[in-house]
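These notes are about the structure you will find just below.
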Amino acid sequence: MIAEKDFAGRQSVGKRKRQEDAYAFSDIPGDDGGPGMFVVITDGMGGHTSGEQASEIALESFVDAFHLVEATSTAVRFKSAVVAANQAIADALKESPELTGMGTTLLAAAVTPQGLEWLSVGDSPLYIWRAGTLTRLNADHSFRPMLLEMVESGELKHTDALRHPLKNLLRAALTGRRIDLIDQPKAPIELYEGDVVLAATDGIQTLRDEDICALMTRWAEADAGTLAGGLLQAVLDINYVKQDNTTVAIIKISSAGFAAH
């Protein structure tokens with residue numbers, strides 16, 4: 001796969017003082033159902049610079065552990081890697097107690113001839129765009145889904161849900177302690193030529209899902225770099241006064257060994 005053409009990433013600091021997101025693409029060895037590739041996105045949290053450090057520590061530890069662990073499947077490598085990333089944060093906290101309170105979300109998505117696999121902790125969304133339809137694949141480990149359920153049941157007004165103090169709180173993150181929730185599919189999802197995988201941090205949710213879908217449909221034939229840049233620019237054009245850091249990563253599925261026929 002070719003950088004910028006088949007896969008690409010873009011970032012913005014938004015209205016924040018520093019960038020606390022981090023991301024990386026990496027190859028998957030051929031003996032693990034490959035060749036293939038995966039992307040990892042982390043979204044740090046914590047005061048001062050600790051969120052930035054948490055995201056970088058988790059990202060580097062995850063990628064390193066993925067390649068070092070002796071396993072025969074991407075799923076097992078992902079699980080071992082997230083444990084290693086969480087332990088790396090725990091080790092950093094022991095060495096630097098002033099970083100107490102830091103943590104990060106983590107989303108990893110892999111594309112191989114077997115299909116699409118992922119592991120996520122936190123609220124960073126993973127989407128697939130297919131033939132004009134956008135679908136979120138992973139679980140949202142914030143309190144947003146619970147608030148939406150309350151709105152649908154009539155327990156809470158929609159306007160109150162938008163202002164609710166729990167709206168942006170996480171139910172799971174990498175903090176060096178036990179990971180409360182991990183979302184990971186039991187089997188890969190089959191991919192087809194023309195599919196587009198979108199991994200992002202929650203800053204992208206300034207856009208509605210229907211807006212994301214419309215943009216991806218409009219640029220369906222564009223290269224990955226153009227699509228990633230266009231999505232990020234659409235977020236910035238809204239000019240939301242509390243815009244969070246935003247990271248957008250795109251993997252376009254061609255017939256070159258990744259798409260089912």
Inset, instruction - Please check if atom CZ in Arg177 has more than 12 non-hydrogen atoms from other residues, nucleotides or ligands closer than 6.0 Å. - result: no
Inset, instruction - Report yes or no: do Asn138 and Ser120 form a side-chain donor-acceptor pair below 3.5 Å? - result: yes
Inset, instruction - Scan side-chain atoms only and decide if Thr135 and Trp129 contain a donor-acceptor pair under the 3.5 Å cut-off. - result: no
Legend entry - Test side chain to side chain contact (heavy atoms under 4.5 Å, CB included) applied to Ile182 and Lys79, step by step: CA-CA 9 Å; Ile182 295 176; Lys79 194 65 176 289; 3.8 Å; yes
Legend entry - Set of residues satisfying side-chain contact (heavy atoms from CB on, under 4.5 Å) with respect to Glu60, sequence neighbours excluded: Glu56
Inset, instruction - Calculate, to the nearest 0.5 Å, the distance between atoms OG1 and CZ belonging to Thr246 and Arg10 respectively. - result: 14.5 Å
Inset, instruction - Identify the residue among Ile89, Thr42, Leu99 that makes a side chain to side chain contact (heavy atoms under 4.5 Å, CB included) with Ile57. - result: Ile89
Legend entry - same_hphob_cluster(Ile28, Val69) at 4.5 Å side-chain heavy-atom cutoff: no
Inset, instruction - Inspect the surroundings of CD in Glu221 and state if more than 12 heavy atoms from other residues, nucleotides or ligands are less than 6.0 Å away. - result: no
Inset, instruction - Might you work through the side chain to side chain contact (heavy atoms under 4.5 Å, CB included) test for Ile250 and Val197, ending with a clear yes or no? - result: CA-CA 6 Å; Ile250 294 288; Val197 177; over 6 Å; no
Inset, instruction - Check whether any side-chain heavy atom of Asp183 lies under 4.5 Å from a side-chain heavy atom of Trp118, and answer yes or no. - result: yes
Legend entry - Side-chain heavy-atom pair Val121, Leu181 within 4.5 angstrom cut-off: no
Legend entry - Step-by-step side chain to side chain contact (heavy atoms under 4.5 Å, CB included) determination, Asp244 to Arg16: CA-CA 6 Å; Asp244 197 359; Arg16 300 299 175 90; 3.4 Å; yes
Legend entry - Check against ring-ring contact (aromatic ring centres under 6.0 Å, His included), Phe78 and Phe66: CA-CA 6 Å; Phe78 270 178; Phe66 181 93; 5.7 Å; yes
Inset, instruction - Would you kindly confirm whether Val235 and Val13 end up in one hydrophobic cluster when ILVMFWY residues are joined by side chain heavy atoms under 4.5 Å apart? - result: no
Legend entry - Rounded distance (nearest 0.5 Å) linking atom CG of Leu207 with atom OH of Tyr240: 13.0 Å
Legend entry - Path from Phe62 to Val76 over hydrophobic side-chain contacts below 4.5 Å: no
Legend entry - Heavy-atom side-chain proximity of Val40 to Leu107 below 4.5 angstrom: no
Legend entry - Same apolar cluster: Leu137 and Met37, side chain cutoff 4.5 Å: yes
Legend entry - pair Ile212-Arg208: side-chain heavy atoms closer than 4.5 Å: no
Inset, instruction - Could you check if a side-chain atom of Lys252 sits within less than 4.5 angstrom of a side-chain atom of Phe7, using non-hydrogen atoms only? - result: no
Inset, instruction - Please examine the side chains of Leu231 and Leu198, heavy atoms only from C-beta on, and report whether any two atoms are closer than 4.5 Å. - result: yes
Legend entry - Ile2 reachable from Leu191 in the ILVMFWY side-chain graph, under 4.5 Å edges: no
Inset, instruction - Answer with yes or no whether the side chains of Gln243 and Thr206 bring together a donor and an acceptor at under 3.5 Å. - result: yes
Inset, instruction - Any chance you could lay out the side chain to side chain contact (heavy atoms under 4.5 Å, CB included) test for Gln114 and Thr74, step after step, and finish with the verdict? - result: CA-CA 10 Å; Gln114 281 67 52; Thr74 298; over 6 Å; no
Legend entry - Any Glu52 side-chain heavy atom under 4.5 Å of Gln19 side chain: no
Inset, instruction - Indicate yes or no: at least one non-hydrogen side-chain atom of Val196 is less than 4.5 angstrom from one of Ile253. - result: no
Legend entry - Flag for Asp21-Thr247: side-chain donor and acceptor within less than 3.5 Å: yes
Inset, instruction - Using distance alone, with no hydrogens and no angle criterion, decide if Ser61 and Asp64 have a side-chain donor and acceptor under 3.5 Å apart. - result: no
Inset, instruction - Answer yes when Arg171 and Asp180 have at least one side-chain N-carboxylate O distance shorter than 4.0 Å, and no when they do not. - result: no
Inset, instruction - Take atom CD of Glu70 as the centre, draw a 6.0 Å sphere, and report whether it contains more than 12 heavy atoms from other residues, nucleotides or ligands. - result: no
